[in-house]
Each structure stands twice: as structure tokens, then as C-alpha cells.
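Worksheet: one structure, shown below.
We name chains A, B, ... by the order of the sequence lines, and we start the count at 1 in each one.
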There are 2 protein chains.
Amino acid sequence: MLNSILFYSLDKAIRSYRRLAQANIDRAGLDITIDQWLVLRVLLEYDDLTQQEIAERVFKDQASVARMLALLTKRGLLSAVPLPHDGRRTQLRVTEAGQQMLDAVHPIVLENRATALSGIKEDELAMLQQLLERIALNCAPAVS
Amino acid sequence: MLNSILFYSLDKAIRSYRRLAQANIDRAGLDITIDQWLVLRVLLEYDDLTQQEIAERVFKDQASVARMLALLTKRGLLSAVPLPHDGRRTQLRVTEAGQQMLDAVHPIVLENRATALSGIKEDELAMLQQLLERIALNCAPAVS
DNA sequence: CCCATCTTTATGACATATCATAAAACCTCA
DNA sequence: TGAGGTTTTATGATATGTCATAAAGATGGG
């Protein structure tokens with residue numbers, strides 16, 4: 001029984017959160033998606049990752065990342081400087097505008113998280129986290 | 001800290017499950033997506049729902065449901081019979097082929113769930129379920 | 001140096017998510 | 001009954017998810 005609705009609840013929880021998060025970002029007049037925000041945040045820390053490495057960090061795939069990078073660049077939040085030692089790649093630097101966007105979104109994200117998790121205790125959160133990681137691990141393809 | 005990675009884990013868990021589920025459906029040679037399967041399952045039980053009602057049951061939106069219904073119909077898994085009392089709507093009936101598809105997918109879904117949840121105890125599952133519902137509720141827009 | 005192979009990026013094709021809106025049918029009330 | 005508001009469906013636009021593949025650069029062995 002529970003078995004059959006658990007994944008529905010899982011889907012519903014993350015999707016509810018995403019809707020809330022995007023709505024609050026939109027309401028603040030910020031023109032960025034939460035996925036783009038996530039990628040931008042990673043790039044602030046590391047500017048010499050391949051698309052595949054970025055994808056692994058944000059648990060997306062390379063094709064999605066490629067399109068998000070193109071959009072972020074188009075919107076001036078990211079700049080792509082050719083890397084001298086590899087003609088295929090570029091150094092992805094968060095621009096000034098990108099930095100301002102990250103700064104503006106940050107408090108909203110904190111608030112979203114607080115809203116979503118209100119009334120949930122620390123130890124419950126830890127358990128939730130652990131169970132979610134267990135599920136992801138159970139579903140991961142065998143490395144062989 | 002935990003706060004900041006919880007939603008990442010949530011996203012990762014559901015996405016890992018979806019990848020596993022779709023991969024196993026594909027491997028069985030069945031030409032259907034898990035989202036379409038979910039909708040088809042709902043329609044087996046209720047054949048007189050509006051798209052909005054279907055959307056609420058599967059936690060999607062009406063536009064997505066409309067497109068999935070069109071695809072399911074195109075693939076012959078669903079038939080749309082005009083409803084006499086309302087010219088806008090149709091009665092959505094799962095066809096014979098649709099029924100066979102549901103029958104074929106069912107054991108795969110059971111197996112997927114078992115794989116994803118292996119090693120997780122009943123009471124942990126119950127707690128997980130409860131926490132996920134709490135999060136969804138916390139994120140739900142105020143009804144006003 | 002050249003070829004085969006690997007890596008990296010870009011993109012096509014299709015499905016879904018989301019918001020917005022158009023079009024048609026319905027329904028209510030004056 | 002007819003006008004105005006509501007419900008229902010369809011669809012456009014844009015972003016992402018996924019798989020597959022093309023194209024270009026890198027790399028290593030001969």
C-alpha cells in the first residue's frame with residue numbers, strides 16, 4: 001500500500017517545493033530558473049569543470065547542462081572564455097550580473113527552505129536525508 | 001547544512017527512481033513512459049474525469065495531461081468517446097491494447113519499487129511518507 | 001606524423017513542466 | 001433568450017529531461 005504511494009509523495013514533495021521556489025523567485029522579479037541558479041552556484045565555486053562534471057554535481061545530464069549554460073551566457077550571467085590548452089572547452093566565469101543574481105536569490109532560497117521544512121525536527125531531517133540517499137543508491141545503475 | 005542538501009537529495013532520489021523505472025520499462029520493450037502509465041492507470045478507474053481532475057490526481061497540470069492524453073490516444077491505448085451532455089468533453093476509456101500495456105507494466109513497477117526500497121523498514125517507510133507529505137503541505141499555496 | 005580512439009560540446013527528437021491564452025461549450029441571471 | 005461569466009480543452013512559448021548522435025578537438029601508439 002504505502003509502497004505504492006511513496007513515490008507519488010516523493011514526486012509531489014519535490015514538485016511542490018520547486019513550484020514554491022520558482023514562484024518566490026518570480027515574485028521578486030528575478031529572471032532566472034531554479035535549475036539555472038543551481039548551475040550558476042556551482043560555477044561560482046569551480047570555473048574549470050567540463051559539462052559532464054557540472055552535470056554530475058547537479059544531478060542532471062550533459063545535454064541539459066549545455067542548454068542551461070547557453071541560456072546563462074545569453075542572459076549575461078556567465079561568460080565563456082576559451083581555454084588555451086583545450087580547444088573544445090571554455091572557462092565559465094560568473095559575471096558581475098551573475099554574482100548580483102546569486103546574491104539576490106540567496107535569501108529567497110533560505111526562506112523557501114525554511115518554509116518547506118517548517119515543523120520538521122533536526123533528527124527527522126537527518127533520517128529523511130538518509131532514507132532519500134538510500135533510495136537513490138538502490139536505484140543507481142550497477143557500476144560493473 | 002543538511003538543510004541545503006536535502007532538496008538536492010530529494011530531487012536525486014525521485015530522479016534516480018524515474019530513470020530506473022523507465023529503463024526497466026524500455027528494456028521490456030514496452031513503448032510507454034512512466035507518466036503516461038500513471039495517467040492510464042487513473043483512467044482505468046475513472047473514465048469521466050476532466051483533464052483538471054486527472055491532473056490533480058497525478059499531481060501534474062492540465063496542459064501536461066492534455067498532451068499525454070493526445071499521445072495515449074494516438075498510440076491506441078486510450079479511446080475518446082464524446083460525452084452527450086457536454087460537447088467539450090469526452091469519455092476516456094482504456095482500450096484493449098491499453099489494458100494489455102497496463103498488465104505488462106505492472107510487474108515491472110512492483111519490481112522497481114522493491115528495488116528502490118530494499119533495505120528500508122516498514123516504520124522507516126511510514127516516517128518517510130509522513131515527512132514527504134509534510135513538506136508538500138508546507139509548500140502548498142495558501143487556499144485563502 | 002598519422003590514424004584510431006576517446007573526450008567534449010552541440011544539437012535533433014521527443015516527452016514533460018509551466019504559464020498564458022484562445023476557442024468553444026456551458027450556465028446563470030436579468 | 002441573450003449577454004456575461006465560467007469551465008473545459010487545446011496550443012504556443014520557453015525550459016528541462018533523456019537518449020542518441022554529429023562534429024571537432026585531444027591523445028596515444030605505431
Side-chain angles (χ1 to χ4, degrees), chain A residues 11-12 14-27 31-40 48-56 58-75 77-78 80-92 139 141, chain B residues 11-12 14-27 30-40 48-56 58-75 77-78 80-92 141:
Chain A
D11 201 51
K12 186 168 176 175
I14 188 64
R15 234 178 299 167
S16 299
Y17 176 71
R18 290 175 64 91
R19 283 180 194 173
L20 170 76
Q22 193 63 59
N24 284 337
I25 289 172
D26 293 348
R27 188 140 42 83
D31 186 21
I32 192 171
T33 68
I34 43 178
D35 294 295
Q36 289 168 12
W37 171 79
L38 185 61
V39 169
L40 201 57
D48 60 345
L49 301 177
T50 66
Q51 292 183 357
Q52 184 55 45
E53 288 168 337
I54 297 169
E56 281 157 18
V58 298
F59 203 68
K60 298 180 183 297
D61 81 332
Q62 177 265 327
S64 298
V65 169
R67 280 158 180 136
M68 284 190 279
L69 294 178
L71 278 174
L72 286 167
T73 303
K74 193 174 108 186
R75 293 186 185 169
L77 305 178
L78 202 61
V81 182
L83 276 175
H85 63 285
D86 191 331
R88 297 166 299 183
R89 301 180 44 198
T90 56
Q91 187 186 27
L92 297 165
C139 293
Chain B
D11 201 52
K12 186 168 176 175
I14 188 63
R15 237 183 290 172
S16 299
Y17 175 71
R18 290 175 65 92
R19 284 179 193 173
L20 169 76
Q22 193 64 59
N24 284 337
I25 289 172
D26 293 349
R27 189 139 43 83
L30 301 172
D31 186 21
I32 192 171
T33 69
I34 43 179
D35 295 296
Q36 289 167 12
W37 170 81
L38 185 61
V39 168
L40 201 57
D48 60 345
L49 301 176
T50 65
Q51 292 182 359
Q52 185 54 47
E53 288 168 336
I54 296 169
E56 281 158 18
V58 298
F59 204 68
K60 298 181 182 298
D61 81 331
Q62 177 264 329
S64 298
V65 169
R67 281 160 179 136
M68 284 191 279
L69 293 179
L71 278 175
L72 285 167
T73 303
K74 193 174 108 186
R75 294 187 183 169
L77 305 178
L78 203 59
V81 183
L83 276 176
H85 63 282
D86 191 333
R88 297 166 298 185
R89 301 179 44 198
T90 55
Q91 188 187 26
L92 297 165

Nearest-nucleotide comparison on DNA chain C, the residue closer to the 5′ end among A63(A) and R15(A): A63(A)

Check whether any side-chain nitrogen or oxygen of R19(A) sits under 4.0 Å from OP1 or OP2 of dT18(C), and answer yes or no. yes

Is there a donor-acceptor pair under 3.5 Å between the side chain of Q22(A) and the backbone N or O of I34(A)? yes

Could you tell me if Q52(A) and Q62(A) have a donor-acceptor pair between their side chains, going purely by distance under 3.5 Å? no

Given 3.5 Å as the limit, does a donor-acceptor pair link the side chain of E56(B) with the main chain of E53(B), or not? no

Given dC19(D), dA10(D), dA10(C), identify the nucleotide with an atom nearest to the side chain of A66(B). dA10(D)

List in numerical order all residues of residues 32-39 of chain A for which some heavy atom is under 4.0 Å away from an atom belonging to DNA chain D. T33(A), D35(A), Q36(A)

Does dT16(D) have its OP1 or OP2 closer than 4.0 Å to a side-chain nitrogen or oxygen of K60(A)? no

Distance, rounded to the nearest Å, where Q62(B) contributes CD and dG12(D) contributes P: 14 Å

Can you identify which nucleotide, out of dT9(C), dA10(D), dT18(D), has its nearest atom closest to the Q51(A) side chain? dT9(C)

Which of L92(A), L78(A), T33(A) passes side-chain contact (heavy atoms from CB on, under 4.5 Å) with L72(A)? It is L78(A)

Classify the nucleic acid contact of S64(A) as base, sugar-phosphate or nothing, counting any heavy atom under 4.0 Å across all strands shown. base

Round to a whole Å and report the spacing from CD of Q22(B) to P of dA20(D). 12 Å

So which atom in R75(A) and which in Q36(A) form the shortest heavy-atom distance, rounded to 0.1 Å? NH1-OE1, 3.4 Å

Euclidean distance, atom NZ of residue K12(B) to atom P of dG17(D) [Å, nearest integer]: 15 Å

What residues from residues 81-89 of chain A pass a heavy-atom cutoff of under 4.0 Å to DNA chain C? R88(A), R89(A)

Please state how far atom CD in E56(A) lies from atom P in dT7(C), giving the value in whole angstrom units. 12 Å

salt_bridge(D48(A), R89(A)) N-O dist < 4.0 Å: no

For atom CD1 of I25(A) and atom C1' of dC19(C), their distance in whole Å: 16 Å

Using a 4.5 Å cut-off on heavy atoms from C-beta on, say whether the side chain of D35(B) contacts that of R18(B). yes

Is there side-chain contact between I54(B) and L69(B), with at least one heavy-atom pair below 4.5 Å? yes

Rounded to whole Å, how long is the line connecting atom OH of Y17(B) with atom C1' of dG17(D)? 17 Å

W37(B) side, atom CH2; L30(B) side, atom CG - distance, nearest 0.5 Å: 12.5 Å

Quickly work out the D26(A) CG to dA15(D) P distance and round it to whole Å. 12 Å

Could you check how far CG of L30(B) sits from C1' of dA15(C), rounded to whole Å? 17 Å

Selection from dT18(C), dC14(C), dT11(C) that lies nearest to any side-chain heavy atom of R75(B): dC14(C)

Counting any heavy atom closer than 4.0 Å, what does R18(B) reach on the DNA or RNA strands: base, sugar-phosphate only, or nothing? nothing

For the atom pair CZ (R15(B)) and CG (D11(A)), what is the distance rounded to the nearest 0.5 Å? 11.0 Å

